[in-house]
Protein chains: 2
Amino acid sequence: MRCTPQRFVVMEHLMRHPVHATAEEIYQAVNRTDPRASRATVYNNLHALMKAGLVRELPVEGNATRFDANVKRHHHFVCENCGRVEDIDWFDSPHLARRSTLGGRVVRDYEMVIRGTCETCSQQLEEEAKCLN
Amino acid sequence: MRCTPQRFVVMEHLMRHPVHATAEEIYQAVNRTDPRASRATVYNNLHALMKAGLVRELPVEGNATRFDANVKRHHHFVCENCGRVEDIDWFDSPHLARRSTLGGRVVRDYEMVIRGTCETCSQQLEEEAKCLN
DNA sequence: GTCCCTGCAAACGGTTTGCACCCGG
DNA sequence: CCGGGTGCAAACCGTTTGCAGGGAC
């Protein structure tokens, strides 16, 4: 796979902003450095990078797919307030760590999806609560 | 919230088929009993049921949203072969069970997303492997 | 010259919205 | 009546596709 300017910007954005951007956000970033870049190219590159195993889609609800350049095994935290998705360092699940089957199913991988309020939003909400008192 | 025929069919389908249907699949089911039913109504009802806390969206990748009428806490298994999503009985994560924060984050809930091959697909793949020998 | 990559525009599919109508209270 | 629920059609938005160039090797 060649490293074209557009492809580079896509990858760079994902690595620099571990906030798991949507395709649109990446398109905006690419567009800032190269206003002629197109959405199709962003999608092409995201798929190319996914096939190469450098990027993956995130399993979180929401209309727009989010992408992740973190290849290391890790969990995800979803802020229910702002929608941001953050990486959480890996920890094993004792129930699954040494296990390759579950009922008749073959287990290949697993991850945790944790939901709550991110640090920024927590602080904001706390501020607002103070104001009300 | 009133229990209209259409709303009933939506809820019934989700409860009877714990395979986490997409909106389209639910629409097909509703349509079978009432050919005049519209997609808009299915979406209306899915949202109404979600607001009422009887149904929720699933955190799995894929273009079409999947819905779940299982309110009990549980994990999810995603078949990488056929895309089916199955419920897995709840088990705690020792890392998270008694914890309400994670870094500066407030944790409200968590769940496991397990990926692999479902029972049906495993058997099929095994069959095919046998044939090749 | 070949092949991969790009940009554009149109198509696509899932979801949402606006609106008129209907039915139950 | 009023308000929520319905059906239809159009709009919307994220994504995909077809296709004609262009640049790297």
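Just so it is clear, the model here is predicted, and its values are computed rather than measured. All chains are named by letter (A, B, ...) in the order of the sequence lines, taking the proteins before the strands, and each is independently numbered beginning at 1.
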**Item:** A/E127 and A/Q123 side chains, donor-acceptor separation under 3.5 Å
**Value:**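 Short answer, no.
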**Asked** Is the closest side-chain donor-acceptor distance between B/H74 and B/D89 under 3.5 Å?
**Response**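 B/D89 and B/H74 do not have a side-chain donor-acceptor pair below 3.5 Å.
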Using a 4.0 Å heavy-atom cut-off, does [X] contact any base of the nucleic acid, only the sugar-phosphate backbone, or nothing at all?
X     : answer
B/A48 : nothing
B/A23 : sugar-phosphate
B/T65 : sugar-phosphate
B/N45 : sugar-phosphate
A/E24 : nothing

How long is the line joining [atom1] of [X] and [atom2] of [N], in whole Å?
X     : N      : atom1 : atom2 : answer
B/N31 : D/dG7  : CG    : C1'   : 12 Å
B/K51 : D/dG4  : NZ    : P     : 11 Å
A/M1  : D/dC25 : CE    : P     : 14 Å
B/R39 : D/dC8  : CZ    : P     : 11 Å
A/M50 : D/dT15 : CE    : P     : 11 Å
A/Q6  : D/dG23 : CD    : P     : 12 Å
A/H47 : D/dG14 : NE2   : P     : 15 Å
B/M11 : D/dG5  : CE    : P     : 15 Å

Should [X] be listed as having a side-chain N or O under 4.0 Å from OP1 or OP2 of [N]?
X     : N      : answer
B/R36 : D/dC8  : yes
B/T41 : D/dG7  : yes
A/Y43 : D/dT15 : yes

Angle between ring planes, [X] versus [Y], binned at 30° and 60°: parallel, tilted or perpendicular?
X     : Y     : value
B/H75 : B/W90 : parallel
B/Y43 : B/H47 : tilted
B/H76 : B/H20 : perpendicular
B/H95 : A/F91 : parallel

**Prompt:** For DNA chain C, which nucleotides open and close the run of contacts to chain B, 5' to 3', at under 4.0 angstrom from a non-hydrogen atom?
**Reply:**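 Taking any atom under 4.0 Å from a heavy atom of chain B, the span is C/dG14 to C/dT17.
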**Request:** With rounding to the nearest 0.5 Å, note down the distance linking CG in B/L49 to CE in B/M1.
**Result:** 5.0 Å
**Prompt:** What does the inter-axis angle of the helix from C/dG1-D/dC25 to C/dG25-D/dC1 come out as, five pairs per end, nearest 10 degrees?
**Reply:**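 Here the helix ends are tilted 20° relative to one another.
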**Asked** Do you reckon A/V10 sits in the same ILVMFWY cluster as A/V55, going by side-chain contacts under 4.5 Å, direct or chained?
**Response**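 Per the 4.5 Å side-chain linkage, A/V10 and A/V55 are co-clustered.
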**Asked** Between A/D34 and B/N63, who's closer to the 5' end of DNA chain C by nearest nucleotide?
**Response** A/D34
**Item:** Quiz item: cation-pi between A/R73 and A/Y110, 6.0 Å / 45°
**Value:**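 Output yes; distance and angle both within limits.
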**Request:** Find which nucleotide of DNA chain D each of B/A40 and B/R2 is nearest to by heavy atoms, and output the residue with the more 5' nucleotide.
**Result:**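 The answer here is B/R2.
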**Message:** For B/P35 and B/R7, find the nucleotide of DNA chain D closest to each by heavy atoms; which residue's nucleotide sits nearer the 5' end?
**Reply:** B/R7
**Item:** Over all atoms of both residues, closest heavy-atom pair of B/T117 and B/C79
**Value:**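 Distance-wise, the nearest heavy atoms are CA-SG, 4.0 Å.
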